Amino acid sequence: MSDIITQDLIALDVALADKAAVIGQIADLLQAAGRLKDRQRYIDDVYEREAMVPTGIGNQIAIPHARSAGVGESGLVFVRLAAPIAWNEDEQARLVFGIAVPDDNADNLHLKILANVAKKLLDDKIKQLIEESQSKQEILEALLA
Amino acid sequence: MKSVELTIENEVGLHARPATLFVKAAQKHQAEITVSFDGKSVSAKSLLGLLTLAVTKGSVISVAAEGEDAEAALAALSELVSNNFGE
């Protein structure tokens with residue numbers, strides 16, 4: 001996990017209006033960190049995935065993810081929204097974890113990253129820190145612990 | 001306590017939509033239902049919990065249930081898995 005997420009891939013309390021803006025922000029952060037080969041391809045693959053299976057998982061958490069040819073290097077992005085937005089029909093999201101994995105990754109890395117994030121969110125103390133901390137470093141350490 | 005072993009044969013594993021369907025089916029029952037895989041056990045009624053198991057295609061999970069409708073719960077979950085979650 002150690003290189004999967006860095007402070008550059010964390011955005012706190014950003015005001016975004018809808019799901020499209022959030023996915024765009026995730027792509028921007030990955031792009032700025034040099035992890036995308038093809039931004040639009042990545043976004044298309046995320047939407048394709050979302051169309052099959054919306055990734056809102058309750059408790060205002062969403063985990064949009066894609067294994068995509070647009071991804072150069074795997075990354076985990078955390079976007080905390082200033083206010084919750086509608087994600088699926090019946091789910092809202094405020095804590096959004098974007099997972100990007102190259103499409104030639106045969107190791108189910110995206111599932112391992114997802115499992116690791118889920119594990120952290122099950123811990124009430126870590127979840128609270130992720131919800132409230134103003135320190136990217138603190139959140140980074142909590143996610144990597 | 002009753003339990004069954006189930007082999008996950010669908011493409012994405014116990015993840016995304018299949019995991020959601022599994023949790024919804026579990027929540028319809030009163031019984032306490034536990035899923036064990038790879039030395040870890042979680043409640044079958046928690047999506048987040050289920051996701052921590054990272055169950056991939058071909059994995060064998062153990063599902064245990066305790067309570068009045070335990071048998072019905074295991075039957076429903078077994079059927080869901082053997083039908084590949086309707087994929």
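Chain letters run A, B, ... following the sequence lines, proteins first, then strands; residues in each count from 1. No hydrogens, no waters, no symmetry mates; every other heavy atom, side chains included, goes into these values. Quick caveat: nothing in here was measured; it's all calculated off a predicted structure.
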Next on the checklist: Can you tell me if B/Glu32 has over 12 outside heavy atoms packed within less than 6.0 Å of its CD?
Outcome noted: no
Item to check | From CG (A/Leu122) to CG (B/Leu47), nearest 0.5 Å | outcome: 9.5 Å
Item to check | Nearest non-hydrogen partners of A/Ala118 and B/Leu51, listed with the distance | outcome: CB-CB, 3.9 Å
Next on the checklist: What part of B/Ser46 gets within 4.5 angstrom of chain A, counting heavy atoms only: side chain, backbone, both, or neither?
Outcome noted: side chain
Checklist entry - Should we say atom NZ of B/Lys40 is surrounded by more than 12 heavy atoms from elsewhere, each under 6.0 Å from it? => result yes
Next on the checklist: Counting neighbours of CD on B/Glu79 that are heavy atoms of other residues, nucleotides or ligands and sit closer than 6.0 Å, is the number greater than 12?
Outcome noted: no
Checklist entry - Would you say A/Gln137 has more than 12 foreign heavy atoms packed within less than 6.0 Å of its CD? => result yes
